[in-house]
Amino acid sequence: MAKIAPRAEDLLDWYDQHARTLPWRVPPLSNARPDPYRIWLSEVMLQQTTVAAVKEYFARFTALWPSVDDLAAAPDDRVMGEWAGLGYYARARNLLKCARVVSADHGGIFPDTEEGLQKLPGIGPYTAAAIAAIAFDRPAVVMDGNVERVMARLHDIHTPLPAAKPELKEQAAALTPDTRPGDYAQAVMDLGATICTPRSPACGICPWRDPCAARAAGTAPELPRKTPKKAKPTRRGIAYLARTADGHWLLEKRPDKGLLGGMLGWPGSPWADADPQEDPPLDADWHDVGEEALHTFTHFHLRLGLRVAQIGHSTDVIPTLYRRDTDAEFRLLSPGDFRPSDLPTIMRKAFDLGHGKLETLRDTRP
DNA sequence: AAATCGTGGCA
DNA sequence: TTGCCAAGATT
């Protein structure tokens, strides 16, 4: 029985009828070109992040900063605060760097080639190809998790990831068309997101069901294979939430490098595998919150012990803040300046738990 | 080049 | 409950 070769045209026909409506997307067959700024912003937000999580952030960012020049002019703290909760905060730092390079060095115009795009901060092989294809309709080979999965199944490739990447890219390159490459790139990703899903793929309604080798072999649900991941260790630490008599909160701006880099957080001990050590940022009547903030990062679990204290007036606290030997900068934020939504999730969890304890202290010990 | 870097949803 | 997963980049 002769093997049927998959055709890009069949996928495009499916896409014309089934393309999802997305805030950053121009519908197929509309003869409109998308705004490269919005494509870039959406692609950076979508790195390792679900469409559902991105939507509200994309709406807020484009409302606050409609153009790359607007974003380039924004203060760092505002952008980091708006990114809070979305994760992978290096993306936000590189987003700003990239906006400022495009604004200052390229007149606010994004490069229209893969090579030019990939020179910019935060734009790697995938994002450069995606912007080149979607925004400029160039026949770039767009490789993301969806494309890897679709290619592995289409050709019944059992080599585990990431070793299979070169082979999967060869197959993807052979299929990428010269006509409508932007729609094709989005079509493969839509296929992966809605039909050729990681679990329980809907092979029966797939536009590529006939040429799919894994469907014929019955192996689609178990592809692509992946090399096993390491178990996550559990680390522990202690965070200190201090509020001044006039309602200021004592936070720190974490150093730009490393975990939660550039974000606001509560002062505290290092996070280590051993039992946590007390390490308060200043002398105060610290109270144990009695409940830990639990959180799981990419490569470890965290149990964060919490201490809270009422401290003196903000104008009296400031001189004591320079005793600590750390890369982070202390910040005393007034009630008007402190927004819990500016915090990364673990720090917001700590606030939610510690805030209530502080209210209890005030009520029971006037 | 293996490790690092978030978060929320889902089975 | 735990592990897996999502339009990856950086070092």
Side-chain angles (χ1 to χ4, degrees), chain A residues 19-20 22-25 34 38-58 80 83-95 97-98 117-135 140-150 161-163 165 169 172 182 184-194 196-201 221-222 224-235 254-263 265 271 294-302 343-349:
Chain A
R20 291 179 294 172
L22 300 172
W24 46 86
R25 172 174 288 177
R38 292 166 62 89
I39 298 303
W40 162 71
L41 178 62
S42 69
E43 289 300 342
V44 173
M45 287 182 167
L46 285 163
Q47 290 166 6
Q48 296 291 283
T49 308
T50 58
V51 166
V54 163
K55 278 183 176 173
E56 56 185 303
Y57 285 85
F58 181 83
M80 298 309 290
W83 197 276
L86 198 55
Y88 285 143
Y89 298 101
R91 292 185 296 173
R93 302 194 300 273
N94 286 329
L95 189 83
K97 284 185 196 170
C98 182
L117 286 161
Q118 201 175 331
K119 290 191 174 87
L120 295 168
I123 299 184
Y126 162 75
T127 306
I131 298 172
I134 298 170
V141 181
V142 176
M143 291 305 293
D144 75 326
N146 290 301
V147 182
E148 288 175 352
R149 183 171 59 255
V150 170
L161 286 168
K165 282 176 182 283
K169 179 163 186 179
Y184 172 80
Q186 296 175 91
V188 186
M189 292 190 283
D190 268 22
L191 186 74
T194 63
C196 196
T197 50
R199 288 171 301 221
S200 305
E222 61 196 64
R225 295 180 54 190
K226 297 193 175 181
T227 55
K229 296 170 183 177
K230 294 192 304 186
K232 291 177 166 70
T234 296
R235 297 181 186 169
R254 301 171 62 88
D256 275 340
K257 294 175 183 172
L259 190 68
L260 309 181
M263 300 299 290
W271 300 344
L294 304 179
H295 195 69
T296 298
F297 292 99
T298 308
H299 54 291
F300 66 94
H301 304 288
L302 178 66
L343 299 175
T345 299
I346 175 57
M347 300 300 175
R348 187 181 48 71
K349 286 181 180 175

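In what follows, chains carry the letters A, B, and so on, assigned in the order in which the sequence lines appear, proteins first and then strands, with residues in each chain numbered from 1.
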*Evaluate the side-chain proximity of Leu22(A) to Gln186(A): yes if any heavy-atom separation is below 4.5 Å, no if none is.*
no
*May I ask you to verify if any side-chain N or O of Tyr89(A) is less than 4.0 angstrom from the OP1 or OP2 atom of dT7(B)?*
yes
*NA contact type, Leu86(A), heavy-atom cut-off 4.0 Å: base, sugar-phosphate, or nothing?*
base
*asked:* So if I take every side-chain heavy atom of Arg149(A) and compare against dC5(B), dA6(C), dG8(C), which nucleotide ends up nearest?
replied: dA6(C)
*Give Thr296(A) one of three labels, base, sugar-phosphate or nothing, depending on what nucleic acid heavy atoms sit under 4.0 Å from its own.*
base
*Taking every non-hydrogen atom, the tightest pair across Ala133(A) and Val142(A)*: CB-CG2, 4.1 Å
*Identify, between Pro162(A) and Leu259(A), the residue whose nearest nucleotide on DNA chain B lies closer to the 5' end.*
Pro162(A)
*Could you check if a side-chain atom of Trp83(A) sits within less than 4.5 angstrom of a side-chain atom of Met263(A), using non-hydrogen atoms only?*
no
*Is there a side-chain polar atom (N or O) of Lys230(A) under 4.0 Å from OP1 or OP2 of dA3(B)?*
yes
*dT10(C), dG8(C), dT7(B): which one has an atom nearest the side-chain heavy atoms of Phe297(A)?*
dT7(B)
*Taking atom C1' in both dG8(C) and dA1(B), what distance in whole Å separates the two?*
16 Å
*Ignoring hydrogens and angles, answer whether the base of dG8(C) and the side-chain atoms of Tyr126(A) contain a donor-acceptor pair closer than 3.5 Å.*
no
*Ignoring hydrogens and angles, does a donor from either the side chain of Thr49(A) or the base of dG6(B) sit under 3.5 Å from an acceptor on the other?*
yes
*Do the side-chain N or O atoms of Gln48(A) get closer than 4.0 angstrom to the phosphate oxygens (OP1, OP2) of dG8(C)?*
yes
*asked:* At less than 3.5 Å, do the side-chain atoms of Arg199(A) and the base atoms of dA6(C) form a donor-acceptor pair?
replied: no
*Considering only side-chain heavy atoms of Asn146(A), which listed nucleotide, dA9(C), dG6(B), dA7(C), is closest?*
dA7(C)
*For the side chain of Arg25(A), counting heavy atoms from C-beta on, which of dG6(B), dA9(C), dA7(C) is nearest?*
dA7(C)
*OP1, OP2 of dG9(B) versus side-chain N and O of Thr50(A): anything below 4.0 Å?*
no
*Any side-chain N or O of His295(A) under 4.0 Å from OP1/OP2 of dG6(B)?*
no
*Identify whether any heavy atom of Trp24(A) sits under 4.0 Å from a base atom; if not, whether one sits that close to sugar-phosphate; answer base, sugar-phosphate or nothing.*
base
_Which nucleotide wins on minimum distance to the side chain of Arg348(A), given the candidates dA9(C), dA7(C), dG8(B)?_
dG8(B)
_Measuring only between side-chain heavy atoms, which start at C-beta, is Trp24(A) closer than 4.5 Å to Leu46(A)?_
yes
_Atom pair CZ/OH of Arg93(A) and Tyr88(A) - distance to nearest 0.5 Å_ = 13.0 Å
*Distance check: side-chain N/O of Thr345(A) vs OP1/OP2 of dT7(B), anything under 4.0 Å?*
yes
*Using a heavy-atom cut-off of under 4.0 Å over every strand shown, decide if Gly192(A) touches base, sugar-phosphate, or nothing.*
nothing
*Select one nucleotide: of dC5(B), dA6(C), dA7(C), the one nearest the side-chain heavy atoms of Pro198(A).*
dA6(C)
*Run the numbers on His299(A) and Phe297(A) for ring pair (Phe, Tyr, Trp, His ring centres under 6.0 Å), then give the verdict.*
CA-CA 6 Å; His299(A) 54 291; Phe297(A) 292 99; 7.8 Å; no
*Tell me whether the OP1 or OP2 atom of dA3(B) has a side-chain N or O from His299(A) closer than 4.0 Å.*
no
